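In this chain, numbering begins with 1 at the start of the sequence shown. This structure is a prediction, so every number in the text was calculated from the model and none was measured. Order of appearance sets the numbers: ligands from 1, and atoms from 1 within every ligand.
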Amino acid sequence: MRIRHLNCGTLRPIGTAAMVCHVLLLESDDGLTLVDTGFGLRDVADPRGRLGRSLITAVRPDLDESETAIAQIAALGFEPRDVTDIVMTHLDSDHSGGIDDFPAARLHVNARELADADAQPGPSPAVRYRPWRRSTRPAHVQSYDRFPDSWFGLPATTLATHGDDLAFVTLPGHTSGHMGVAVRDGDGWLLHCGDAFYHRGGVSGGGVAMTMRFAQAASARHPRIARQTRRRLADLHDHASDTVRLVCAHDAVQYDRARG
Ligand SMILES: [Zn+2]
């Protein structure tokens, strides 16, 4: 499985360095799989309608068509229909906006996340899940509510479509049904942690700016559970870093390193 790293949405919140929407594009003999989508064409065409003013003010996204997954996939020489599957860490706007660009793909999502997104819960309903609520639902949605496996001690499941190359790993807190996506990478694993942390320092013990810590806490649906999840990831970072590489969705430095 070949792993490509795409930035599908540059964010420029005031007071911090630019951030990315780190998306994985997995290429196998069976087709392409996206892990998250970042922003999509409909977000670029109608930012206010799709994303809402509060999100745009908070993260100030570039919303450049060339950053959408569909544009980058075309630039690589693929067709949109080559994307057979999309695996979601969660359904927040900056992760799910591109789903509409791949209506034929199977969507894999945590069942609780799906229910919450449809029910509009959360501390900031004006921000959370807007594109999903305005989307044309994909024809095939596979939701998961059982996690019988253990992936480095975390409850997880495999996806019927991807065998042992991929694990869907529970990382709750940011949202109730927030997940990580572990992809086999050579002899080890790459774990896309979505928004389980915002900055590499959140799991490595390095400094995390106050503004970032505040944003992380303010955006978590369950702050206490989110802290527990970060501690589990920090433990993985400390004890399994020779086997597991952690990336989050928005850290531009991690993204650049991953591409390098
Ligand atoms: Zn996010």
* Mind checking whether the Zn ion (ligand 1) has an N, O or S of His95 under 2.8 Å? -> yes
* Can an N, O or S atom be found in His174 less than 2.8 Å away from the Zn ion (ligand 1)? -> no
* To do: Taking the Zn ion (ligand 1) as the vertex, measure the angle between atom NE2 in His250 and atom OD2 in Asp195; round to 10°.
  => 120°
* Could you walk me through whether Arg60 and Ile14 pass the side chain to side chain contact (heavy atoms under 4.5 Å, CB included) check? -> CA-CA 8 Å; Arg60 306 198 315 143; Ile14 291 170; 3.6 Å; yes
* Just checking, is any N or O donor in the side chain of His90 or Asp36 under 3.5 Å from an acceptor N or O on the other one? -> no
* Asked: Taking the side chain from Arg184 and the backbone from Asp164, do they hold a donor-acceptor pair closer than 3.5 Å?
  -> yes
* To do: Verify the distance test for Asp94 against the Zn ion (ligand 1): any N/O/S atom under 2.8 Å, yes or no.
  => yes
* Using a distance-only test with no angle check, is there a side-chain donor-acceptor pair under 3.5 angstrom linking Thr229 and Arg227? -> no
